[in-house]
Each structure stands twice: as structure tokens, then as C-alpha cells.
Amino acid sequence: MNHSISLTVNGARRDFVLDDPRVTLLDLLRERLHLTGTKKGCDRGQCGACTILVDGKRINSCLALAISHEGADIVTIEGVARGDQLHPVQAAFIAHDGFQCGFCTPGQIMSAIGMMQEAQAGNDPERIRECMSGNLCRCGAYAGIVDAVLEAQAGADETNRRRSA
Ligand code: FES
Ligand code: FES
């Protein structure tokens with residue numbers, strides 16, 4: 001039996017017919033839309049490489065059934081830059097060497113963006129480490145990752161301060 005679902009992915013509406021209700025958002029993004037920036041690491045919710053935003057919240061897309069997210073608004077790593085202008089978190093990862101092989105990086109960046117939107121960690125490095133503990137890096141680039149998030153958070157705080165001044 002086929003199932004029809006609609007999603008908004010990086011601002012564009014997408015319609016799908018699923019012939020298997022067990023298709024995950026991760027496989028839908030990678031195999032049907034060829035958005036391969038979202039990585040498949042463990043495929044069992046243990047590494048965070050597949051992190052995306054669904055309705056503004058970060059989730060492990062390998063654990064999310066596509067059919068359960070009818071109408072959802074999805075943002076992947078391909079959707080965070082504005083043309084040639086990198087998202088501030090992307091730019092901060094480059095500035096602080098927040099990666100080595102880069103495999104975990106899309107998930108790290110999406111998790112950082114989600115965490116900043118959740119306003120959970122502020123500028124506390126320990127809280128950032130805790131809030132991003134679901135995103136593993138086999139290369140051990142954690143110091144650069146935390147520095148990058150701190151810089152991006154400081155930039156966001158400054159922007160908010162100017163807006164409210
Ligand atoms: S691939 Fe989803 S958590 Fe590892
Ligand atoms: S940069 Fe290689 S796994 Fe994180």
C-alpha cells in the first residue's frame with residue numbers, strides 16, 4: 001500500500017509517495033532528494049551525524065519515520081546558507097577548525113543551530129558540550145567545535161542586543 005506525504009524541505013514543498021511506511025527521514029532526504037549532506041553514521045540514534053531540524057527542533061533523522069512527519073518543515077545542512085553567504089555557525093566552524101575529516105560536521109552544525117535556537121547553553125562551554133553530547137566526532141575535533149559555537153553564540157547575542165537597543 002502506498003502512502004502520500006508532503007514536507008517542506010529547505011523552504012520548498014515536496015510531495016512523496018512511499019511504498020514502505022518504514023522509510024526514515026534520513027533515507028528520504030538522501031535517496032529521494034539526494035541531499036547527502038545529512039550523513040548516515042550509525043543509523044541507530046547514537047552518533048548525531050544525521051541531525052536535521054524538524055519544525056525548528058533538532059532530531060536524529062535516522063530514527064524518524066517520514067510518514068510520522070506529514071506537513072513538517074525540515075531544514076538540512078544544504079538549507080542554512082543564504083546563497084554564497086555561509087550561516088554564521090558554518091563560518092565559525094571554518095574559523096575555528098571545528099572539523100578534520102568533516103563527516104560529523106553537518107550534524108554538528110545542525111545540532112549547534114538547533115541548540116542556539118533552544119537558548120539552552122548560552123556562552124557556557126560546559127553546557128555547550130553537554131547539549132551537543134549526542135553529536136560524536138571520531139576525529140576528536142571537540143575543542144574547535146566548542147570554540148566555533150561560542151563564537152557563533154556571541155555573534156547572535158550581539159545581533160540581538162543591537163536589535164533591541
Ligand atoms: S546516523 Fe543517526 S544518530 Fe547516527
Ligand atoms: S571531523 Fe571527522 S568525525 Fe568529526
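Just follow the structure's listing: the first ligand is 1, and inside any ligand the first atom is 1. Only this structure's heavy atoms are used, side chains among them; waters, hydrogens and symmetry mates stay out.
Residue, atom and distance of the protein heavy atom nearest to atom 1 (S) of ligand 2 are Gln100 N, 3.1 Å. Nearest protein neighbour of atom 3 (S) of ligand 2, counting heavy atoms only, is Arg138 N, 3.2 Å.
Salt bridge absent: Asp27 and Arg30 never bring a charged side-chain N and a carboxylate O closer than 4.0 Å. Salt bridge Asp20/Arg22: present, at least one basic N to carboxylate O contact under 4.0 Å. With respect to the salt-bridge test (charged N to carboxylate O, under 4.0 angstrom), the residues Glu118 and Arg58 qualify.
A donor-acceptor pair is defined here as one N or O able to donate and one able to accept, closer than 3.5 Å; such a pair exists between the side chain of Glu78 and the backbone of Gly37. With Arg82 contributing its side chain and His87 its backbone, the two residues share no donor-acceptor pair below 3.5 Å.
Close approach of ligand 1 to Gly45 (heavy-atom distance below 4.0 Å) involves ligand atoms 3 (S). For ligand 1, the atoms sitting less than 4.0 Å from at least one non-hydrogen atom of Gln46 are 3 (S), numbered in the order shown with element in parentheses. Near Cys50, with a cut-off below 4.0 Å to any heavy atom, the atoms of ligand 1 are 1 (S), 2 (Fe), 3 (S). The Gly102 neighbourhood of ligand 2 comprises atoms 1 (S), 2 (Fe), with distances under 4.0 Å to a heavy atom of that residue. Near Asp43, the atoms of ligand 1 lying under 4.0 angstrom from a non-hydrogen atom of the residue are 1 (S), 4 (Fe).
Cation-pi geometry between Arg138 and Phe103 is satisfied (NZ or CZ under 6.0 Å from the ring centre, within 45° of the ring normal).
Atom 2 (Fe) of ligand 2 lies at 2.8 Å or more from every N, O or S atom belonging to Cys104. Among the backbone and side-chain atoms of Cys47, none of the N, O or S atoms lies under 2.8 Å from atom 2 (Fe) of ligand 1. Among the atoms of Cys137, no N, O or S atom falls under 2.8 Å of atom 2 (Fe) of ligand 2.
Counting heavy atoms only, Cys42 comes closest to atom 4 (Fe) of ligand 1 of the residues Ser61, Gly41, Cys42.
Residue contacts with ligand 2 leave out Ala141, since none of its heavy atoms falls under 4.0 Å from the ligand.
Between the side chains of Ser6 and Arg13, a donor-acceptor pair is found at a separation under 3.5 Å.
The hydrophobic cluster containing Val80 does not contain Leu33, counting ILVMFWY residues as joined when their side-chain heavy atoms lie under 4.5 angstrom apart, directly or transitively.
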